[in-house]
Peer 1: 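Pasting a structure below so you can have a look.
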Amino acid sequence: MPRLPAVHVLLDAPACQGLIADYGREQTVDALRALLDELRAALRAGAEAGVSVDGIVALLGMRLAAANVSRLRPVFNLTGTVLHTNLGRALLPDVAVQAVVEALRWPMNLEWDIETGKRGDRDDLVEEQLRALTGAEAVTVVNNNAAAVLLMLNALAPGREVIVSRGELVEIGGAFRIPDIMARAGATLREVGTTNRTHLKDYEEYAGENTALLLKVHASNYTITGFTKEVSVAELAPLSRERGIPIAVDLGSGTLVDLERYGLPHETTVKETIAAGADLVTFSGDKLLGGPQCGIIAGRADLIATIKKNPLKRALRVSKLTLAALEPVLNLYRAPDLLPQRLTTLRLLTRPAAEMRALASQLAAPLQEALGDSYTVLDAPMNSQIGSGALPVELLPSHGLGVRARAGVRGNPLGLLERRLRALPRPVIGRIADDTLWLDLRCLQDDHVAAFADQLALLGETPAP
Ligand SMILES: *Cc1c(COP(=O)(O)O)cnc(C)c1O
């Protein structure tokens, strides 16, 4: 059995000294010992393994590099879902990116009032602008919309009942179910109506002494069609006033502008919801709003004050990075006419299909060349979705590439292709439907096209993992 070089011999090799300079002595020595153990075991088992100093150090370098690669990596989202929860939802505009970089590098007046030199409140940084955009008296910001709903219920309805229509007892993305959040918040769910039809009299019957809130939940990721009836916020408002029970609305996406003016389908805005009579509205920052992950509660000043005193508010608070990103995004809304150019999410949602068509005709031939004879690339119209539960049945006309396996190719060629795309330095994520792998080009931004095209050449060589 060949003998392995001694540890000190390996460590003294100049290439290994370079690794120590990059990765530190402890990490390098630990990785080296682990590598030598493996090589020893492999040799004992009769394997042929190189045992030269250079060979072992080169292997060590690869191990250390692999261990230090970031697991959170940029990818190409060609799924056609613009706000893809698993791919991190909204992409932020450069003004927000720059603000986050500053906030990472500098101390900030996060909870410190520069004018008075006294302690401040982090919500103050965005409150004025959010009030203007929503018509609410007050706002508070927490980690995400699920946190906003939990906090609101725990602050306003512990030990009391919250009325929700059976048609609105939704599950959003597996872990967020209204009945579960309600239980965790210490409130009792009072379901009223039926799945397809709920009437005002259903709310009237149960709204009493022990009712803390009338809660409405945006159905987000599903729609009920046919013989249906939902009680709107405006229809609930007189009952709410008469019995002194606030209306809370979990709006999900929280649109701040009328999307129709940009040619998109109408989604009820936060302002409309408050104007219709909602006392509190909760919504996400990283869905249609186009900002960082956060949950915003907007509404009546007295209710927001109670919410802010709840200890969960402290546990669910947002970081300075979130607020650094949120403020410039909200400021973009001061120029609604320029929003489709400036707010990345809106730019992607309103991107004309002609742009995607041009990209498809530019990229079809290079992709075909990279894939070789086993596949056929077609340039095809398709539909994108907004995603994250916003307008789930509305589709946006788009264009992209479809890849099919040529007849007679054995095995699972599409599965193999999907793995090869994922194995690229910047993984490409599409979707498989109807025996075709679809790459929707809506979210391939102009300044990312070159990076996308450059790595196509690697597609042929990339080993499937
Ligand atoms: C998305 C959504 C949530 C969850 O929001 P997060 O910001 O992901 O926590 C809650 N309610 C509704 C109606 C939603 O659409």
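Remember, it's 1-based here, ligands and their atoms both numbered in the order they're listed. Throughout, numbering of the chain's residues begins at 1 and tracks the sequence. On a predicted model such as this, the values are computed, not experimentally measured, just so you know.
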Peer 1: Apply the test side chain to side chain donor-acceptor pair (under 3.5 Å) to residues Arg166 and Thr195: give CA-CA distance (whole Å), side-chain angles for both, the deciding distance (0.1 Å), then the verdict.
Peer 2: CA-CA 5 Å; Arg166 289 195 170 89; Thr195 307; over 6 Å; no
Peer 1: Distance under 4.0 Å to a non-hydrogen atom of Phe176: what atoms of ligand 1 satisfy this?
Peer 2: 10 (C), 11 (N)
Peer 1: In terms of residue, atom name and distance, what is the protein heavy atom nearest to atom 12 (C) of ligand 1?
Peer 2: Ile172 CD1, 3.2 Å
Peer 1: About how many Å separate CG of Leu288 and CG of Leu349, when rounded to the nearest 0.5 Å?
Peer 2: 6.5 Å
Peer 1: Can you confirm whether Asp435 is buried at CG, in the sense that more than 12 heavy atoms of other residues, nucleotides or ligands lie under 6.0 Å from that atom?
Peer 2: no
Peer 1: Heavy-atom distance under 4.5 Å between the side chains of Thr322 and Val100, does that happen here?
Peer 2: no
Peer 1: If we only count N/O pairs under 3.5 Å, is Asp286 in contact with ligand 1?
Peer 2: no
Peer 1: For Lys287, state whether at least one heavy atom is located under 4.0 Å from any atom of ligand 1.
Peer 2: yes
Peer 1: Examine the side chains of His218 and Asp250 and answer whether a donor and an acceptor come within less than 3.5 Å of each other.
Peer 2: no
Peer 1: Before signing off on this row, confirm whether Arg89 and ligand 1 have an N or O atom pair separated by under 3.5 Å.
Peer 2: yes
Peer 1: Below 4.0 angstrom from a heavy atom of His218, which ligand 1 atoms are there? Numbered from 1 as shown, please.
Peer 2: 13 (C)
Peer 1: Below 4.0 angstrom from a heavy atom of Gly252, which ligand 1 atoms are there? Numbered from 1 as shown, please.
Peer 2: 12 (C), 13 (C), 14 (C), 15 (O)
Peer 1: Distance check, rounded to the nearest 0.5 Å: Leu456 atom CG versus Leu458 atom CG?
Peer 2: 8.5 Å
Peer 1: Looking only at heavy atoms, which two atoms of Met182 and Leu189 are closest? And how far apart?
Peer 2: CE-CD1, 3.6 Å
Peer 1: Starting from atom 11 (N) of ligand 1, what is the nearest protein heavy atom, named by residue and atom, and what distance separates them?
Peer 2: Asp250 OD2, 2.6 Å
Peer 1: With a cut-off of under 6.0 Å to the ring centre and 45° to the axis, is Arg404 in cation-pi contact with Tyr375?
Peer 2: no
Peer 1: For atom 9 (O) of ligand 1, grab the closest protein heavy atom and report residue, atom and distance to one decimal in Å.
Peer 2: Ala146 N, 2.9 Å
Peer 1: Identify the protein heavy atom lying closest to atom 3 (C) of ligand 1, giving its residue, its atom name and the separation to 0.1 Å.
Peer 2: Asn145 ND2, 3.4 Å
Peer 1: Can you tell me how far OG1 of Thr198 sits from CD of Glu191, rounded to the nearest 0.5 angstrom?
Peer 2: 10.5 Å
Peer 1: Looking at atom 15 (O) of ligand 1, what's its closest protein heavy atom, distance included?
Peer 2: Ser220 OG, 2.5 Å
Peer 1: Say whether Glu168 and ligand 1 are in contact under the criterion: heavy-atom distance to a ligand atom below 4.0 Å.
Peer 2: no
Peer 1: So between Ala147, Cys294, Ser284, whose heavy atom ends up nearest atom 7 (O) of ligand 1?
Peer 2: Ser284
